[in-house]
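Below is one structure, written out as structure tokens; comments come after it.
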Amino acid sequence: MTNIYVLISAIALLINVLLVIFVSVTERKNTVGKTLVLLFISLIIWDVGELMRRLRLDDPLFWSMVECMGVLFIPPTFYHFATAFPENTRLKLKRASQKYLLAAFYCISIAFLPLLLKGKLISGVELRFWGYEYVGTPLLTAFLFYFIGVMFVVAFEFLRSYKFSKDDRFEFLQVRAVASTALVVVALSVFTDILLPLNKNFIPLTSVQVPPLASAFTVAGATVVACVLLKYRFLPSEVMLNNLVKSIEDGFIVIDRFGRIQLANEPVEELFGVESKKIVGKPLKDLEVMVKDEAKELIRIVSELKELRKPVELPSGVLEVIVSPIMFKDALLGHLIELRDISKLVAREKELEEKTRALERQTEELKATVRELMDARKALLNILEDVDASKRELAEAYERLKELDEMKDNFMMIAIHELGTPLTIIRGNMDMLLSGVFGELSYEQQERLLVISESVNRLIKLLDDLRAVMTIKEGQLRLDKKEHSTKTLVYDVVRDLNALLRQRGHVLRVSVPDVKVVCDGEKIKSAIFNLLENAIKFTPEGGSIEITVEEISESGKDYVRFCVADSGVGIPKDKLDRIFEAFYEVGSYLSHKKGMGVGLFVVRSVVEAHGGRVWAESEVGRGSRFFFTLPK
Ligand code: ADP
């Protein structure tokens, strides 16, 4: 029997030593690891004492003290661990009070040390069936109750960690495992190693004696804690891989070298319509009868286990199937089958392709348009070149015309000047001849002289008109404005043309009110003269001519309107606008009445220089009406 208890203590010691080595290697850099090492050292000291006692060595009292020393330091180191674990949650829950409490616990333990050494805690040893057992003093009992109290504080700390670690799933899982293990271990240990010894290890009211088993419990607990730390801190690659495969959206199947399924994740379950539990361990080929109809083809493709990468179309979408070998030192370990859902990718690719095609079409259209535009540009450039050439020709022609015009003007000026002087001399002499200064003339001589005089007068008038045209063309028309009576203006002209009127046998009606108008009298008279002369000229003999003057208002302004109407040959409609141009004649229908085509041009220039307007209304064969206005 003794041997078993020795064995328990020995194993506990061994495991604790191994754990302390393991933890100090793996966890030495963090507080949790350090506190755990301290706790394990306390446990080891305890285990050493216990083992030695149970080995029934010579000095059981000494080893009991050693054991007790370990027990003394369990409360502070355990509390220390509880305030550091788990790391992140604990950092958040750090409080000053913990520090003081921890210091107090360490101080109490240290304070008990001299008492222990002086024999104030252990009074002696007794031999039991499992070995020597020490007999504690009431002070030790007090310490053990203090120990239980500290365990409550530890439990409280664990409870807080449990509550606050819920945000962090990892820490929560660790706290759950470590706290529950620690509390169970503590409860059992307190029961077997503190409470039962008070009754000489007999279960109350029975004759069953239970040896202290705390070392066994603690070593089990310590192992769990170490495992938990190990599991969550250094997640084994297997766990990592398992979880990785589970969290991947693509389907993953791992096949071993015998063609059996070793692993299949959730997407595979969905695809095949079978739980992975049911297919793991089965040969891939057997799956064909188990899976959904639509996945059968897929199984056929992958079960050949040939390295491949190809898209497979299923009713639910497009999958990319990738089969790759898993090698281990040049030997085939198995195969990895990836089933990647590329429906969206394919759809996007199609969409992209369509867009690219549309883009290409547009580019082509654009190119064609650009080509057309280039052609049009070329054509336009040609046209522009032509236009340029035409413009140049036109400019040259214009220059030539201008030169000719200038030559003509010069010639005209010379002609007017050279003809004017002798004509005036001729008229002067003729007037003197007619007045009888040089002796009485016979009737026949007078008649002849009158005909010559009339022609000379016409020539002088023509020269006057030409001079006027030249003046107007050179922009040198000067007005000598004064107030005139419309009556005077009209009657002066009628008087001058009276002889001609009578000669042609026309009836003239004059209806002119006496209106005052500011104008260049001579020039307006020459305008009326031209109009009346034309009326006489272009009306067959015995016609009727009418001169009227009216006061009118046009766009809010007052004008005097002159009108010379005749019952003559009239002017074609399409010529009406042009008759006021210089040197314009209507045509051959009245060839015998040919003039110079300057009269109406002079009329227009004079009237417009006064700020008035001139126009004509006519009907061929029925007569014409010439109007002009002068502002009042
Ligand atoms: P011209 O010296 O030829 O008379 P005008 O400038 O006075 O020059 O007239 C221009 C042309 O207008 C005339 O050649 C004639 O054909 C036409 N014309 C002018 N007045 C009349 C009219 N009262 N009746 C018909 N035709 C007219």
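Ligands are counted one by one from 1 in listed order, and the atoms in each one are counted from 1 as well. In this text, all values refer to a predicted model and were calculated from it rather than measured experimentally. In this chain, numbering begins with 1 at the start of the sequence shown.
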F626 contact mode with ligand 1 (heavy-atom cut-off under 4.0 Å): side chain

For the 3.5 Å polar cut-off, considering only N or O atoms, please tell me whether L600 and ligand 1 meet it.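 There is such a contact, yes.
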
Would G570 count as a polar contact of ligand 1, with the cut-off being nitrogen or oxygen pairs under 3.5 Å? no

Any sub-3.5 Å donor-acceptor pair from S544's side-chain atoms to V507's backbone N or O?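 No, S544 side chain to V507 backbone: no donor-acceptor pair under 3.5 Å.
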
Would you call K355 and E351 a salt bridge, using N to O less than 4.0 angstrom? yes

Can you tell me if [X] has a non-hydrogen atom under 4.0 Å from ligand 1?
X    : value
N530 : no
K537 : yes
S624 : yes

Show me the donor-acceptor pairs within less than 3.5 Å that the side chains of residues 378-402 make with the rest of the protein, sequence neighbours left out.
{"residue": "S390", "atom": "OG", "partner": "D386", "partner atom": "O", "Å": "2.8"}

Please list all pairs meeting ring pair (Phe, Tyr, Trp, His ring centres under 6.0 Å) that have one or both residues in residues 404-455, counting only residues at least two apart or in different chains.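 Every candidate ring pair (Phe, Tyr, Trp, His ring centres under 6.0 Å) pair involving residues 404-455 fails, so no pair, neighbours aside, qualifies.
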
What atoms of ligand 1 come within less than 4.0 Å of a heavy atom belonging to V598? 6 (O), 8 (O)

Please identify which atoms of ligand 1 are closer than 4.0 Å to at least one heavy atom of I571. 25 (C), 26 (N), 27 (C)

Classify the ring geometry of F562 against F628: parallel below 30°, tilted from 30° to 60°, perpendicular beyond 60°. parallel

The reported gap from NZ in K516 to OG in S485 (rounded to nearest 0.5 angstrom) is 4.5 Å

